[in-house]
Amino acid sequence: MNNEEAKKILSSTMEKFIGLAATHLPDDVLAKLEECRAKETNEMQKTLYDAYFTNLELAKKLNRPCCQDTGLMHFYMTVGAKFPYIGVIEEALSDAVRKATFSVPLRQNTVNYFDERNTGDNVGERIPWFHWEIEPDRDDLEVIAYFAGGGCCLPGNAKVFKPSDGYASIVKAVFDTVSDLGINACPPLIVGVGLGTNMENAAVLSKKAYLRPLGTHHRHPKAAALEDALKDGLNKMGIGAQGMRGNIAAMEVHIESSGRHTADIAVGVNVACYAHRRGVIRFNSDLSYEIPTYKDAEEYMKNSKSTEEN
Ligand code: SF4
């Protein structure tokens, strides 16, 4: 297969996949929302969760996005150095976003800073946003598609502390972020915490943290214990779904970390909303693919058509 053919297949598959990820929540998020609902005791909270689930059912049935804010597309890519079509991926995925904007449809959200004009097709300056990780001995491609909505991006924060502030500064940063603007992100939240040595790598790690499958823990037992302690603490704040007073503010807290300079403690905090549209698709080198995040993915992909196929 030459690059042009590969680009068409990638674009067409990704356009349909964006449709799937906009209209469905991943299985692990749905299961976690069920768990959260069961822990709520007051009538307002139960009504809100019922509204969430009705909305999600209708989105599936009507094949419409499950939130009006379909965000900006972010792609987290893990690509094998031997994947044969590396050179056409960005072009193919941008084309998929452009087409999905009209076929799904996605809300036209992208504005370039210095033109102050909506681009109209969700492709703009460095948007879709690509984050790359290269795996030396592999020939496949994993794409995590994430819909970065306005409300859930708003609370995000990254700060560098002095060592004398201690590791307590990590806890303070998480609680300040969630208590300040967390309710703008439609709780219950997934809180990603990145610990690094400057604000850039802490911020990147915080994003990587909330893209992890729910229920997984940091590999270090102390970090895993901190994840649980932060979640328990946040859930004692009485925030609840939509900030309307309940037992669950955070579905999960996930931490990712890197080494740090002895002189810095850098903390990034990123939150994701209840409509956590994070879908994973894995392409083999022949562009066959699997989608592990939704149980009905195969059926959806079989029954939907890309712009090219229509
Ligand atoms: S925070 Fe999430 S659920 Fe709420 S409006 Fe934004 S994208 Fe939608």
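Counting convention: from 1, in listed order, for ligands and their atoms alike.
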*Taking the six-membered ring for Trp, are His131 and Tyr76 parallel (under 30°), tilted (30 to 60°) or perpendicular (over 60°)?*
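Correct class here is parallel.
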Which donor-acceptor pairs under 3.5 Å do side chains of residues 108-115 form with protein atoms, sequence neighbours excluded?
residue : atom : partner : partner atom : Å
Gln108  : NE2  : Gly120  : O            : 2.8
Asn109  : OD1  : Arg107  : NE           : 2.8
Asn109  : OD1  : Arg107  : NH2          : 3.3
Asn109  : ND2  : Asp69   : OD1          : 3.1
Asn109  : ND2  : Gly71   : O            : 3.0
Thr110  : OG1  : Asn122  : OD1          : 3.1
Asn112  : OD1  : Glu125  : N            : 2.8

*So which protein heavy atom does atom 7 (S) of ligand 1 come closest to, and at what separation?*
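So the nearest neighbour among protein heavy atoms is Arg277 NH2, 3.0 Å.
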*Below 4.0 angstrom, N of the basic side chain to O of the carboxylate: do Lys46 and Glu40 qualify?*
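No, no charged N to carboxylate O under 4.0 Å.
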*Quick one: list whatever passes salt bridge (charged side-chain N to carboxylate O under 4.0 Å, His left out) with Lys305, sequence neighbours left out.*
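Testing Lys305 for salt bridge (charged side-chain N to carboxylate O under 4.0 Å, His left out), a comparison that skips the adjacent residues, returns none.
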List, one per line, each side-chain donor-acceptor pair under 3.5 Å for residues 190-199, sequence neighbours excluded.
residue : atom : partner : partner atom : Å
Thr197  : OG1  : His261  : N            : 2.5
Asn198  : OD1  : Glu200  : N            : 3.3
Asn198  : OD1  : Asn201  : N            : 2.9

*If waters are left out, how many protein N/O/S atoms lie within less than 2.8 Å of atom 4 (Fe) of ligand 1?*
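Every protein N, O or S atom under 2.8 Å from atom 4 (Fe) of ligand 1 counted, the figure is 1.
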*asked:* Does any part of the side chain of Lys8, heavy atoms only, come nearer than 4.5 Å to the side chain of Glu308, both counted from C-beta?
replied: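 Yes, close enough: below the 4.5 Å cut-off.
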*Does the side chain of Leu181 come within less than 4.5 Å of Asn184's, by heavy atoms?*
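The answer is yes, as the side chains (C-beta and beyond) meet within the 4.5 Å cut-off.
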_Proximal ligand 1 atoms for Gln68, defined as those under 4.0 Å from one of its heavy atoms_ =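 Matching atoms, with element in brackets: 5 (S).
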*asked:* Is the contact between Gln242 and ligand 1 made by the side chain, the backbone, both, or neither, using heavy atoms and a 4.0 Å cut-off?
replied: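 Under 4.0 Å from ligand 1, Gln242 contributes no heavy atoms.
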